[in-house]
Amino acid sequence: MIYRTHNCGELSRKDIGKEVTLSGWIQKIRNLGSLFFIDIRDYFGVTQLIISKKSVKKNFFLGKEFLIKVKGKVVKRLSKNNNIPTGEIEISVSHIDLLNSSLSLPFSIENETDGNEEIRMFYRYLDIRRNPIKNNLILRHNLSLETRNFLSKNGFLEIETPTLINYTSEGARSFVVPSRRHPNKFYALAQSPQLFKQLLMIGGIDKYFQIVKCFRDEDSRSDRQIEFTQIDCEMSFVEVHDVLIFFEHFIKHIFKEIKNISLDPFPSISYYDAIKMYGTDSPDIRFGMPFIELNDLIQKKNINFLKIQELVIGIKINKSHNTHEKINFFLKKIKNPNFFWIKYLYDRTFIHSNQNFLNKEIIKIFVKHFEAIPGDLLFFSYGKEKKAREELGKIRIKIADFLNLKNPNVFKPLWIKDLPLLEWENESKKYKSVHHPFTSPKEEDIDFLKNNPENIRSKSYDLIINGIEIGSGSIRIHNKNVQNLIFKHLGLSQKEIEYKYGFFIKAFEYGIPPHGGIAFGLDRLVNLLEGNKNIKDFIAFPKNNYGKDIMINTPSFLEKEKLKELHLR
Ligand code: ASP
């Protein structure tokens, strides 16, 4: 080995006396007059060097991130550093070579850096030298490896499917790729392998998976990337229950292997109940606080103003959660006219949000109904049903944020089932699939297709962990007529169905098995495992919130000739 006999993270007391060669980047230099202390770093760790000035040539200059190769002897270190594995030794250097110098750094390469996100993205290769990013990439690797092993052991075959496909109506916009060889024709980048994994089931592959890049031309959001990675899975001869049981097992395995965390059994609730209890289809259930419905109580007690509201709901924030005076500050900021709150004080008096319909009697009715004890806070929302739920859902999360109730070390998975099959889209004046057009309706709801399509529930499921959608899937349609019917309800003409999905429908006629599957967001999952910080920190070369990679400066213009070649001019 010319460059090294050992790496910078492996030498310890047992190596004292050995002659070694190491190569690494300079992390730190301390100049003590006749001596230098230098920390060099590579992928594996940091080792301290001790170099006497006599042994280096005059005008020999070293700086941070210069890459050096040293030869020397492992010696016992006088001042031990118990924080690093190599902390008991240092290398007494006899020979030093400069392999490469470095410009002065745009930000510090330390665990806590002074670089902002933009500069870190511009010099991403320097950012990757930092331990937090490197460790995230290692974690991601381990997650992929564990996934591959677990699924393979359970009979899943990893199969690659094409990236260059046709524009499909899976929900988002596709990225379009012009074809040079076929003038005015276009490929689209796959939003997911959906159709292909279903075709694999028709092809008799019993269980499939793929760790796969997917592409969606969507607007920027901090937790979303236009190219992202899915753990995409499909199984034959399954119903909803089978998929949920197996993938609960998978997620538990991942948490155990990667984080040594044993997850409790995953509860499941319907989409309808999720909205009813939490005002969202992706509830964070780490901190309780489900909605309490108050319409019946209000009618019974004849509470005038509230009686005429479509819906009145409330949540109780336990005294253990809101002991701080902080909450008063928070309450003062609440401006929504359709909210009110009551705080039950320790001296058994109340403060409240001063709505004129609130009086002592009414307050007591609510306090009793919620079984509130001194110190508890009650929070209410009223008005039109949908809005009242949505708004209380948002405030529930804000309160949890404000009171630090989202413990990053606690993981609470939840299956949401029976999502609606279709939703009406005002812009296009058409129905749109809530999941995707290949999702099976529940048999018992099929009759709603004629008059009430919004009421059809689907055989779909989402896995939510700590309020984040980690996976989503469904049992698929495996009947040609039903698939055709759904396409028609999505506004596709017979001709369009034939043109876009003819090959797919045809395959249904050769003995398509019942099948279903799920896809997990790998980027989101790895981010969640580390406490849901920033998804970009878990992707080697992410795009920014505007879909740009500022390091390689993409997207970018194409030269005229190239446009011509692609028949775009
Ligand atoms: N293809 C779906 C998606 O990307 C996942 C699935 O239904 O399996 O959301």
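Indexing begins at 1, ligand by ligand and atom by atom, following the structure's order. Values reported hereafter were calculated over all heavy atoms of this structure, with side chains retained and with hydrogens, waters and symmetry mates removed.
Scanning Gln230, Gln191, Gln194 for the heavy atom closest to atom 6 (C) of ligand 1 points to Gln194.
Taking a 4.0 Å cut-off on heavy atoms, Arg216 registers as neighbouring ligand 1.
Numbered from 1 in the order shown, with element, the atoms of ligand 1 that lie under 4.0 Å from a heavy atom of Gly473 read 6 (C), 7 (O). Atom numbering of ligand 1 starts at 1 in the shown order; those under 4.0 Å from a heavy atom of Lys197 are 6 (C), 8 (O). In the vicinity of Ser192, heavy-atom distances shorter than 4.0 Å reach the ligand 1 atoms 1 (N), 4 (O). Shown in contact with Ile518 at under 4.0 Å from a heavy atom are these atoms of ligand 1, numbered in order with element: 8 (O).
No part of Thr439 comes within 4.0 Å of ligand 1, judged by heavy-atom distances. Residue contacts with ligand 1, taken as heavy atom pairs separated by less than 4.0 Å, involve Arg476 solely via side-chain atoms from C-beta onward.
Within the cation-pi definition used here (under 6.0 Å to the ring centroid, within 45° of the axis), Lys134 qualifies as a partner of Tyr43.
Ring-plane geometry between Phe508 and Phe504 is classed as perpendicular, the angle between the planes exceeding 60 degrees on a 0 to 90 degree scale with a lower cut at 30.
At least one N or O atom of His435, backbone or side chain, sits closer than 3.5 Å to an N or O atom of ligand 1.
The closest side-chain donor-acceptor pair between Asn484 and Lys480, if any, does not fall under 3.5 angstrom. Judged purely by distance below 3.5 Å, without hydrogens or angles, the side chains of Asn534 and Glu117 pair a donor atom with an acceptor atom.
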Given the rule in the side-chain hydrogen bond (donor to acceptor under 3.5 Å, both in side chains) test, do Lys384 and Gln309 qualify, once you have shown the distances and angles that lead to the verdict?
-> CA-CA 7 Å; Lys384 289 268 177 225; Gln309 303 302 327; over 6 Å; no
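Interatomic distance, CG of Leu463 versus CD1 of Ile470, reported as 7.0 Å (0.5 Å rounding).
Looking at heavy atoms from C-beta onward, Arg130 lies out of side-chain contact with Asn111 at the 4.5 angstrom threshold.
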